[in-house]
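Let me begin by presenting the structure, written as structure tokens, before commenting on it.
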Amino acid sequence: MRFCCLSGNGRIVEANVCKRFLGVKAGVINCELNMSKPFDIELEKLTGQASYSAAVHGSGSGRRGTFFLETFGCQMNDHDSEKVAGLLLSRGYQQVETPEAASLILYNTCSIREKAAQKVFSRLGEYREKQGEGKVIGVLGCVAQQEGEDIFRRAPWVSLVCGSASYSKLPGMLAQLEAGKQRITGLDTDTDETFETEVTRRDNPWRAYLTIIEGCDKACSYCVVPYTRGPERSRASDSILREVRQLAELGYSEVQLLGQTVNSYADPTARKMRFSELLLAVAEVQGIRRVRFTTSHPSDFTPDIVKAIEREPKICDHVHLPVQSGSTRVLHAMQRTYSRGEYLEKITMIREASRPIGITTDIIVGFPGETESEFEETLSLLEEVQYDSMYSFKYSPRPNTPSLAMSDSIPEQEKSRRLAVLQDRQREIQERKHASLVGTLFEVLVSGKSRRDNQWSGYTTSHRMINFASQERELLGTYVQVRVTGAGPNNLLGEYAV
Ligand code: SAM
Ligand code: SF4
């Protein structure tokens with residue numbers, strides 16, 4: 001099974017990750033990351049029930065085929081795939097590790113930049129012969145939404161095209177495919193539904209993702225998300241808290257609340273919980289030790305969020321606050337709804353908190369019309385804020401976005417130069433910051449074990465990665481104290497202290 005995510009430098013990283021099944025309870029399936037074992041879940045065996053689908057949905061939906069699901073893109077896509085996999089498993093499908101072993105091949109896609117979208121079509125090309133073998137091929141996610149039925153023209157071997165706003169209709173669409181329908185689409189974005197599933201097949205046994213707000217109502221001029229994911233829809237606070245309690249019972253100790261603009265959360269129930277109240281309520285759930293949230297939009301980043309972090313140590317010391325540019329003129333052209341000065345006021349508010357909070361960001365270089373001096377404003381903002389980490393991108397013109405009408409005037413070579421300069425500056429900042437942490441003691445949730453003996457890794461609450469050595473036999477999933485002994489630009493080195 002291949003998973004992809006954006007790395008610290010904004011590149012897409014791929015890894016062939018197989019999983020070992022750990023348990024199923026309360027509609028959640030846990031799998032441990034494991035680099036060598038095959039992953040082949042059979043719910044009937046695992047639950048000891050004749051048909052898990054029957055248990056979840058009543059009788060009638062027995063064993064179906066096998067599916068292979070590949071994911072590209074952000075954490076929200078990863079989590080959507082976890083839910084899609086849960087949905088299929090609960091309908092009696094069996095998940096397999098290779099397209100060869102599958103009767104249904106699903107590809108959950110990202111179209112945020114052109115390269116990501118191009119990759120989808122080249123991967124679909126690889127699947128071409130598979131259709132001849134009687135396999136059903138489906139495209140999910142942002143490319144599905146963006147390209148729509150055109151995918152059938154470019155890749156006629158595809159049978160299912162479904163955007164994320166239509167995932168709740170997937171069972172019906174699959175039933176139609178099972179009944180022999182050749183082509184089916186789910187492209188409606190005019191919905192107030194959020195995608196909630198009874199079973200989620202989770203990839204990480206300690207940290208659980210939870211989407212609390214789907215879609216986006218901002219209208220950044222470069223961005224496809226409002227088009228591909230539809231309008232903003234918040235999930236009911238009682239449903240979120242119910243799921244967090246279930247996760248805690250299962251042994252998850254860290255939850256990460258997700259949304260394209262997570263802090264724009266607007267509780268649709270009569271309780272009308274504010275985002276900061278929701279953070280506090282999640283932290284109160286017994287068994288939860290860490291609450292993360294991403295991504296925050298600067299315009300909706302209000303003082304009560306900082307107060308909640310100050311009040312509740314379980315809310316992580318980390319805010320991801322994308323700025324995109326250090327120039328007010330460019331921000332205005334990007335339709336980002338704040339100026340450089342207003343953004344810096346939010347940074348001051350976060351920096352003045354009673355405990356240090358790590359701040360990370362996203363930056364785009366080479367937006368249409370960005371002058372050299374406007375780019376230098378971004379560099380000076382970097383110096384002023386001293387981010388803990390940054391994701392950076394070259395502007396990529398996207399279909400259906402307002403900036404498509406602007407002339408993409410910065411040559412590719414110049415975009416690459418600006419990106420390299422920006423990344424060099426940030427590397428220097430991170431090296432300085434990390435060096436100043438040598439000797440500091442951090443609590444780390446251990447989430448990785450290297451093939452090399454006694455080498456472990458994990459994250460601090462401020463989302464710094466630490467690699468450390470320990471003779472302990474099993475640390476995965478535990479919280480340990482690690483003292484920093486060395487530092488590089490991207491991570492810290494440490495020694496196990498307790
Ligand atoms: N909702 C988040 C926010 O408001 O910042 C970001 C979501 S987007 C999936 C992640 C990042 O991709 C953005 O912050 C932006 O830096 C980058 N991005 C989005 N559209 C882009 C484009 N057309 N070209 C280059 N980078 C882009
Ligand atoms: Fe895209 Fe802007 Fe919405 Fe983020 S806030 S998803 S960048 S439109």
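This is a predicted model, so every value here is computed, not measured. Residue numbers count from 1 along this sequence. Counting starts at 1 for both ligands and their atoms, following the listed order.
- Ring geometry for His297 against Tyr338 counts as perpendicular: the plane angle is over 60°, on a 0 to 90° scale with 30° as the lower cut.
- Near-neighbour remark for atom 3 (Fe) of ligand 2: protein N, O or S atoms under 2.8 Å are Cys216 SG; waters not counted.
- The ligand atoms of ligand 1 that sit less than 4.0 angstrom from a heavy atom of Gln260 are 1 (N), 2 (C), 7 (C), 9 (C).
- When Thr360, Asp388, Thr294 are each tested for a side-chain hydrogen bond (donor to acceptor under 3.5 Å, both in side chains) with His318, only one passes: Thr360.
- Interface atoms of ligand 2 facing Arg336, defined by a heavy-atom separation under 4.0 Å, are 2 (Fe), 5 (S), 7 (S).
- Remark: distances from the non-hydrogen atoms of Arg336 to ligand 1 include one below 4.0 Å.
- Considering both main-chain and side-chain atoms, Thr295 never comes within under 3.5 Å of ligand 1 through any nitrogen or oxygen pair.
- The closest approach between Lys394 and ligand 1 falls below 4.0 Å for a heavy atom of the residue.
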Evaluation steps, salt bridge (Lys or Arg N to Asp or Glu O under 4.0 Å), between Asp238 and Arg271: CA-CA 9 Å; Asp238 47 2; Arg271 245 172 129 180; over 6 Å; no
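- Summarising the local packing, CZ of Arg351 is surrounded by more than 12 heavy atoms from other residues, nucleotides or ligands at distances under 6.0 Å.
- The aromatic rings of Tyr343 and Tyr387 lie tilted to each other, with the angle between the two planes from 30° to 60°.
- A salt bridge is absent between Arg153 and Glu149: the closest approach of a Lys/Arg side-chain nitrogen to an acidic carboxylate oxygen does not fall below 4.0 angstrom.
- The nearest protein atom to atom 7 (S) of ligand 2, hydrogens excluded, is given as Tyr222 OH, 3.4 Å; this is a heavy-atom distance.
- Among Lys314, Arg290, Arg464, the one residue that satisfies the salt bridge (charged side-chain N to carboxylate O under 4.0 Å, His left out) test with Glu443 is Arg290.
- Every atom of ligand 1 is numbered from 1 in the order shown, and the set under 4.0 Å from a heavy atom of Arg398 is 23 (N).
- Close N/O approach between Asp362 and ligand 1 is found [any backbone or side-chain N/O within under 3.5 Å].
- Looking at ligand 1, you'll find an N or O of Tyr222 within less than 3.5 Å of one of its N or O atoms.
- When only interatomic distances are considered, the shortest N/O to N/O separation between Gln324 and ligand 1 falls below 3.5 Å.
- The residues Lys119 and Glu114 are annotated as not salt-bridged, no charged nitrogen and carboxylate oxygen being separated by less than 4.0 angstrom.
- In Pro322, the part holding a heavy atom less than 4.0 Å from any atom of ligand 1 is the side chain.
- Looking at Tyr395 and Ser403, their side chains do bring a donor and an acceptor atom within 3.5 Å of each other.
- With Tyr167 contributing its side chain and Gly141 its backbone, the two residues share a donor-acceptor pair below 3.5 Å.
- In this structure, Arg289 places its CZ atom where more than 12 heavy-atom neighbours from other residues, nucleotides or ligands lie under 6.0 Å away.
- When heavy-atom distances to ligand 1 are checked against a 4.0 Å cut-off, Phe393 comes that close only through its side chain, counted from C-beta outward.
- When each of Leu382, Val421, Ile363 is checked for a side chain to side chain contact (heavy atoms under 4.5 Å, CB included) with Gln426, only Leu382 meets the rule.
- Considering each of Asn77, Thr228, Ile112, the one bringing a non-hydrogen atom nearest atom 8 (S) of ligand 1 is Ile112.
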